[in-house]
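Just so it is clear, the model here is predicted, and its values are computed rather than measured. The chains referred to below are lettered A, B, ... by the order of the sequence lines, with proteins before strands, and numbering in each begins at 1.
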Amino acid sequence: MDYKVLADLIFPDAKEISYYEEKYPARNLPEGAYVTRFAPSPTGFIHVGGLFGGIIDKKLAKQTGGKFILRIEDTDQKREIENGIFQIVNGLKGFEVIPDEGAISEDEESGEYGPYKQSERKDIYQAYAKSLIQKGLAYPCFCSPEELEEIRGKQEQAKVRPGYYGVWAKCRNIPLEEKIKRIQNGEKYVIRLKSAGREDRRVEHKDCIKGKIEFPENDQDAIIIKGDGLPPYHFAHPVDDHLMRVTHVIRGDEWLPSLPLHLELFRALEFKLPKFAHTATIMKDDDGNKRKISKRKDPEAAVSYYHEQGILAESVTEYLLNVANSNFEPWRRGNPDKSVDEFDFQLNKMNVSGAVFDMVKLLDVSKTIISKLSAEEIYNKTLEWANYYDEELKKLLEDNREYGIRVLNIERGNVKPRKDIAKWIDVKDIIIYMYDDKFAGNTEYEFQKVNDKEEISNIVNTYMEKYFDLADSKEEWFNKIKDLAEELGYSREVKAYKQEPEKFKGHVGDVSTVLRVVVTGRSNTPDLYEIMQVLGKDSIKERINLFFK
RNA sequence: GGCCCGUUGGUCAAGGGGUUAAGACACCGCCCUUUCACGGCGGAAUCAUGGGUUCGAAUCCCGUACGGGUCACCA
């Protein structure tokens with residue numbers, strides 16, 4: 001009796017593996033092309049760490065003329081959530097991480113190397129598991145969870161490594177006949193690898209990011225087919241990446257400890273080894289301590305956060321790209337208008353240890369990107385955001401598109417555009433005082449140095465009577481403010497005041513601040529001349545009346 | 001605890017035997033300036049630690065400390 005009988009008994013319907021080898025032939029791609037894959041489980045929203053990996057996968061495939069695959073790792077059906085695939089696909093799409101092949105929606109996919117949902121690849125995994133059983137490299141294990149628990153307890157007591165290996169691998173040496181009998185009797189079982197590894201031997205591995213690493217060999221008889229007939233990650237990974245002809249496995253470095261197992265599996269299955277790149281985890285500063293950024297504690301860990309805040313996907317991408325390859329930033333400075341696609345990304349430039357996620361820096365990237373946008377683009381994007389998150393803002397913008405654009409165009413489009421918007425959620429506060437209806441209820445005025453009501457009215461009234469004219473150019477306008485200042489006993493220039501403060505009540509800036517505050521309610525705003533131009537005569541007069549009411 | 005990986009300013013980091021140890025964000029100061037931003041100039045601030053190798057160490061080797069990851073019929 002040989003292993004074939006056992007293999008046929010366990011997987012009677014499995015195809016020969018040669019069938020799959022032919023069905024999924026080597027890809028016809030240019031020399032040096034990367035085939036990468038992002039393989040999340042449909043357990044919820046995408047995590048920034050996942051996005052980070054996805055961006056790298058996509059970038060590398062694109063810049064080498066390769067393929068980027070989206071594979072769904074749904075072999076753990078307990079953890080799956082409804083709409084999981086939709087969330088992944090949609091989440092990635094928002095960041096332009098669009099796969100060349102793989103899952104498209106809950107039940108659609110594209111590409112010749114599918115299915116791309118692991119739950120639909122059961123037959124394939126079983127065929128390969130069968131081949132291992134046939135070669136005597138895998139066997140059925142009848143241990144129940146309780147027995148496994150018991151073994152672990154003993155191991156803890158004996159202070160030895162936990163796991164299913166060596167003498168602890170009870171089912172490994174059950175005679176073939178007995179195995180067959182027990183299966184025929186309907187006993188439950190899983191399939192385990194019969195590890196050929198030894199803990200006292202070392203395996204070497206050259207990682208694209210981490211460089212040379214050494215481990216003890218794997219000697220665990222890991223499960224390759226679970227009780228439900230599906231494989232765990234460790235077995236799905238070699239089978240899928242081999243059959244999908246993946247050249248570069250890029251994944252988080254939390255996988256490093258199981259690499260010896262994967263290496264053994266690739267060898268046992270006689271697969272060509274892909275290149276591995278283990279990326280460092282994105283961390284979070286938690287009161288001076290570093291820890292893995294977490295879905296539970298950190299809202300910014302969820303990709304949906306950026307949509308909610310109105311942070312441009314582009315900003316997140318550029319920030320993350322810079323974390324991945326820190327030479328991105330100098331490149332961007334040198335090539336401010338080039339597409340990210342032109343940046344030459346290098347795996348080996350990635351840092352080996354985890355970077356702390358820096359929201360302040362991300363927001364700075366975002367400000368710079370937004371500062372290059374036209375008022376119209378900002379208008380459109382803000383409105384799009386407001387559509388989801390801010391009814392009031394949406395209405396404000398929609399009611400008068402032209403006015404909205406004029407407001408957003410203040411101090412924009414010139415050589416040194418404003419850099420004051422980092423996220424769309426900020427926009428409302430920046431523009432709201434430009435809307436008469438909203439300003440009508442204003443009661444707070446942030447006056448600075450000149451606070452006396454009589455003096456304020458003196459400045460405002462004199463201005464309106466003698467100097468107010470919207471037809472003025474900016475220069476004329478400002479000269480008039482200076483004339484006004486002088487007339488009322490303020491210096492025309494700030495410098496003059498600073499040199500001899502006792503000679504003046506204040507300086508031209510104090511005067512313009514009064515006008516600014518009466519018109520806008522605020523002491524800090526963009527250029528007052530432009531604001532007045534946009535508001536127009538009636539609005540300005542109305543605002544002045546409002547102040548004196 | 002075992003196994004693996006790491007440690008350059010507050011953060012991201014360049015640098016791989018000889019450097020005044022880049023740059024960016026943040027911070028501080030000055031300048032520009034009608035306010036705020038922007039921009040310009042400048043400043044403070046880093047090689048975890050102890051040994052070795054070497055004429056010379058951030059860089060190579062060993063130890064220590066600290067940080068992180070991982071030890072499932074999860075991925």
Please report the distance separating the [atom1] of [N] from the corresponding atom of [M], rounded so that it comes out in whole Å.
N     : M     : atom1 : result
B/A24 : B/G2  : C1'   : 41 Å
B/A13 : B/C38 : P     : 25 Å
B/U59 : B/U8  : C1'   : 11 Å
B/A48 : B/G9  : C1'   : 14 Å
B/A14 : B/G23 : P     : 15 Å
B/A44 : B/A26 : C1'   : 13 Å
B/G63 : B/U53 : C1'   : 15 Å
B/C30 : B/C36 : P     : 13 Å

According to a strict under-4.0 Å criterion, is [X] in side-chain N/O contact with OP1 or OP2 of [N]?
X        : N     : answer
A/Lys226 : B/A75 : yes
A/Lys495 : B/C31 : no
A/Lys159 : B/G2  : no
A/Lys78  : B/C74 : yes
A/Thr75  : B/A75 : yes

At 4.0 Å (heavy atoms only), tell me whether [X] reaches a base, stays on the sugar-phosphate, or touches nothing.
X        : result
A/Arg202 : sugar-phosphate
A/Pro330 : nothing
A/Trp477 : base
A/Phe478 : base
A/Ser326 : sugar-phosphate
A/Ser41  : sugar-phosphate
A/Ile213 : sugar-phosphate
A/Tyr233 : base
A/Val190 : base
A/Val494 : sugar-phosphate
A/Ser353 : sugar-phosphate
A/Lys416 : base

Check your understanding: Considering heavy-atom distances to RNA chain B, does A/Glu329 or A/Arg152 have its closest nucleotide positioned more toward the 5' end?
Key ->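 By nearest-heavy-atom nucleotide position, the 5'-most residue is A/Glu329.
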
Review point. For A/Arg79 and A/Pro526, take the nucleotide of RNA chain B holding the closest heavy atom to each; which residue's nucleotide lies nearer the 5' end?
Key: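 Its nearest nucleotide lies further toward 5', so the answer is A/Pro526.
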
Exercise for review: Could you tell me whether A/Arg182 sits above the aromatic face of A/Tyr189, with NZ or CZ closer than 6.0 angstrom to the six-membered ring centre and within 45 degrees of the axis?
Suggested key: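 No; the conditions do not both hold, so A/Arg182 does not lie above the ring face of A/Tyr189.
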
Consider the side chain of [X], meaning its heavy atoms from C-beta on, and name the nucleotide among [options] that approaches it most closely.
X        : options             : result
A/Asp358 : B/U35, B/A75, B/C25 : B/C25
A/Lys210 : B/U70, B/C5, B/C73  : B/C5
A/Pro257 : B/C25, B/U70, B/A75 : B/U70
A/Arg333 : B/A75, B/G23, B/G68 : B/G23
A/Thr525 : B/U35, B/A24, B/C74 : B/U35
A/Leu148 : B/C73, B/A75, B/C25 : B/C73

Tell me whether [X] is salt-bridged to [Y], with the criterion being a basic N under 4.0 Å from an acidic carboxylate O.
X        : Y        : answer
A/Lys170 : A/Glu150 : no
A/Arg291 : A/Asp298 : yes
A/Lys423 : A/Asp426 : yes
A/Lys275 : A/Asp207 : no

Review point. Is the base of B/G40 syn or anti, where syn means the angle lies within 90° of 0?
Key: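 The base of B/G40 is oriented anti (glycosidic angle more than 90° from 0).
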
Side-chain donor/acceptor contact of [X] with base of [N] under 3.5 Å:
X        : N     : value
A/Arg522 : B/U35 : no
A/Lys361 : B/A24 : yes
A/Thr513 : B/U35 : no
A/Lys419 : B/C38 : no

To the nearest Å, give me how far apart [atom1] ([X]) and [atom2] ([N]) are.
X        : N     : atom1 : atom2 : result
A/Glu149 : B/C73 : CD    : C1'   : 13 Å
A/Gln533 : B/U34 : CD    : P     : 18 Å
A/Asn351 : B/U11 : CG    : C1'   : 13 Å

Point to revise | Geometric class of the A/Phe343/A/Phe345 ring pair [parallel <30°, tilted 30-60°, perpendicular >60°] | key: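 If you compare the ring of A/Phe345 with that of A/Phe343, the planes turn out perpendicular.
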
Check your understanding: Can the ring centroids of A/Trp255 and A/Phe276 be said to lie less than 6.0 angstrom from one another?
Key ->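 Ring centroids of A/Trp255 and A/Phe276 are no less than 6.0 Å from each other.
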
Check your understanding: Is there a donor-acceptor pair under 3.5 Å between the side chain of A/Gln346 and the backbone N or O of A/Asn325?
Key ->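 Checking the backbone N and O of A/Asn325 against the side chain of A/Gln346, no donor-acceptor pair under 3.5 Å is found.
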
